[in-house]
Number of protein chains: 2
Amino acid sequence: MDCTVNDIARAAGVSRSTVLRALSGKPDISPKTRARIKALAAQMRYRPNYIARSLTQGKTNLVGVIAKPSIYYASHSVIEAVERGLRDGGYSTLLFISGNESGTDESVVEQLMKNRVDGVIAVPGAMTPPASYHQLVEAGVKLVTLAGLIDDLAAPQITGDNYKAGRLGAAHLIELGHRRIAYLGIPQISNVGRERARGVRDAFTEAHVPIDERLFTEIEFSETGAERCAAELLASGERPTALLVRHDVAARGAMRAIYAAGLSIPEDISIVGNGDVVGSDMFRVPLTTVRFPARQMAGFCVQTLLDMLRGEVIEPETTIFDVELVVRSSTAPPRTA
Amino acid sequence: MDCTVNDIARAAGVSRSTVLRALSGKPDISPKTRARIKALAAQMRYRPNYIARSLTQGKTNLVGVIAKPSIYYASHSVIEAVERGLRDGGYSTLLFISGNESGTDESVVEQLMKNRVDGVIAVPGAMTPPASYHQLVEAGVKLVTLAGLIDDLAAPQITGDNYKAGRLGAAHLIELGHRRIAYLGIPQISNVGRERARGVRDAFTEAHVPIDERLFTEIEFSETGAERCAAELLASGERPTALLVRHDVAARGAMRAIYAAGLSIPEDISIVGNGDVVGSDMFRVPLTTVRFPARQMAGFCVQTLLDMLRGEVIEPETTIFDVELVVRSSTAPPRTA
DNA sequence: TTGAAAGCGATACCAT
DNA sequence: ATGGTATCGCTTTCAA
């Protein structure tokens, strides 16, 4: 069905080598034959078989991208930026979306290695088992992580300042006068979750606000998960006056629970998100959130990987991007204050 | 760096063939040698090279997915569903995101063919040039389109009922008493754009509402594009009392323009979206929209492709999924009524 | 039950 | 300037 160099060689009455020279633009060939063969190749609709090429070159020009389901701040717009950057750099994107089901990351990494990808960009989640990623590095696959940190990984890692994010959100609420603040956070088995929580706790401690551990929860990463958790929190005896939510989209889920409970934002309850996702300024109530420079992070991540792929030796350092508080309408002083 | 069958054969003191038989679970091998070789392979961390395998089998187990930038209703959650379905079916996803820049689709298709993908799922946009897709089909690549129609394409196509979508939205506004309705639509060079517009016009005609062609616009597919267009419309002399927008996310952009103009929804102006994207119930004002069953469409699309890949002969028919109006708070009778 | 050899399509190197 | 040949890792077919 497809036409190969052999077909062209036969049709042109020359050897494979000659065809190759003509097509690859190498020297040592007469302009005449080159032109003739090029024309012939175009006419026969020749398309180099990248698979075969990969085999000889030991290089597939494939980069695996392991992303999270839609809700991450490193979600579609990030995938978009990554894909675009990789394509411009001459690579194709082999995409895998790995949720929270256990075993997915392992099998995805396995799949990537069997496909002999040259590099990998991974967005690790709170539940991501580190083992597979260490394995990738050991196998010599160039790896850069984005928006998540895997401990002791010998690879460049790009992330936002999660400590500051936690701190900023909490400090903002405290400053408004809130004392009963619920934290719907990232599980602390992950580095990101720990940093976030640490920032929150530090803000509380410095302001001498006691921490009610019952309000310090960890939620799964889904809009509905946040909705459920918020609903429980609201139904419980002493209702918090503010919610600090791990992510804007999760905050949207929490908003649903708040409205379902007949409460209003920010009059009855304040809410702070994380990520400053596209559209969170147009949420039911414009969301106060912490902005992570997602596109820049994605761009930097791709550039780093492309550099590594180009053979440059990049130190496996963690790059932390600064974050900033974006105050909108979902936060206000508590009723009592 | 990687271990091959040859390495194992050498280490085990047997031939390549034997190793292969052991690993591929074929008969004609003594249980003892099989066990021995399997253990050895595991120990040596053998991973079959899919690239090499593809070359011999003439089958890459790769499916190209051509998607649109983040805003489409066939966006991340759809990519997610598609990737998952393909993975479960034994295929890996080669992702390309093709925006409106001319030439992208062509080069993407070219890229896919060079990578010898077994199949393609394409989400065509209004600007997608049909030629490349016809070429794919001719080259024998299995193709299914999703959420968009390419004329005269010999491939199964999955789409929502765009005629009905246009009709439903327009009829709803007319019923509320609106007469000056602006249409921020999909360009009619595409089938989808034509169908949508036809539905809208039919609704107007049947209700004997005259159509003001100056309000019948075509917008590019972006949130900011919609914002700009809405801003112009609002600044013009006779302001429309309602907006019919091509997509929920574009509607969100339009909302920005409306608020920037100091107007309120739905008191000053009603707005209808399309897609019922996740979160449009939590927009600044919960959005009235037309729901497209995006996940089901994606699932059906993947199943169809997998069937074709399995060798089944599927008729190149267009499957149209039903849509429904979801009335929320962004629409109300006009002020004057 | 096991081994040997040809080939997939492209590349690199050596020979002419 | 052009042709020949080995090779990449695996699969398939045929021979022992």
Side-chain angles (χ1 to χ4, degrees), chain A residues 1-38 40-41 44-62 90 111-118 139-140, chain B residues 1-38 40-41 44-62 90 111-118 139-140:
Chain A
M1 178 162 21
D2 289 319
C3 140
T4 76
V5 267
N6 288 301
D7 299 332
I8 299 180
R10 205 173 309 125
V14 297
S15 76
R16 250 206 317 285
S17 314
T18 307
V19 173
L20 216 77
R21 260 183 289 258
L23 263 30
S24 65
K26 285 197 183 145
D28 296 333
I29 185 171
S30 76
K32 255 180 42 188
T33 20
R34 159 163 295 159
R36 187 166 63 95
I37 291 176
K38 276 198 161 183
L40 195 57
M44 295 174 75
R45 299 169 158 281
Y46 170 72
R47 251 180 280 268
N49 185 329
Y50 282 3
I51 299 299
R53 177 181 291 182
S54 299
L55 194 57
T56 46
Q57 298 193 151
K59 182 176 188 310
T60 54
N61 284 299
L62 250 35
Q111 203 66 15
L112 288 173
M113 298 190 67
K114 287 176 181 167
N115 276 296
R116 297 299 193 271
V117 293
D118 296 331
Chain B
M1 176 162 19
D2 288 320
C3 142
T4 75
V5 267
N6 287 302
D7 299 332
I8 299 180
R10 205 172 308 124
V14 297
S15 75
R16 250 209 314 286
S17 318
T18 307
V19 173
L20 216 78
R21 259 182 291 258
L23 263 31
S24 64
K26 284 195 184 147
D28 296 334
I29 186 171
S30 75
K32 257 180 39 186
T33 16
R34 158 161 297 156
R36 187 166 64 95
I37 292 176
K38 275 198 161 181
L40 195 59
M44 296 175 74
R45 299 170 159 278
Y46 170 71
R47 250 181 278 270
N49 184 329
Y50 283 2
I51 299 298
R53 177 180 292 184
S54 298
L55 195 56
T56 48
Q57 298 193 151
K59 183 176 187 310
T60 54
N61 283 300
L62 250 35
Q111 203 66 14
L112 288 173
M113 297 191 68
K114 287 177 179 165
N115 275 297
R116 297 299 193 271
V117 294
D118 295 332

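Just so we're on the same page: letters track the sequence lines, and every chain starts at 1.
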Non-hydrogen side-chain atoms of [X] and [Y] separated by less than 4.5 Å:
X      : Y      : value
A:N61  : A:R53  : no
A:R116 : B:D2   : yes
B:Q111 : B:N115 : yes
A:Y46  : A:V19  : no
B:N49  : A:K114 : no
B:I8   : B:C3   : yes

For B:R16 and B:A9 the tightest heavy-atom approach is N-CB, 3.8 Å
Going 5' to 3' along DNA chain C, between which two nucleotides do contacts with chain A fall, using a heavy-atom cut-off of 4.0 Å?
C:dG9 to C:dA12
So if I define the base as every atom that isn't primed, P, OP1 or OP2, how would nucleotides 6-16 of chain D read as a B/S/- string at a heavy-atom cutoff under 4.0 Å?
B-BBBBB----
Contact class for B:T33 (heavy atom, under 4.0 Å): base, sugar-phosphate, or nothing?
sugar-phosphate
For A:L20, check side chain to side chain contact (heavy atoms under 4.5 Å, CB included) against everything at least two apart and list the hits.
A:V5
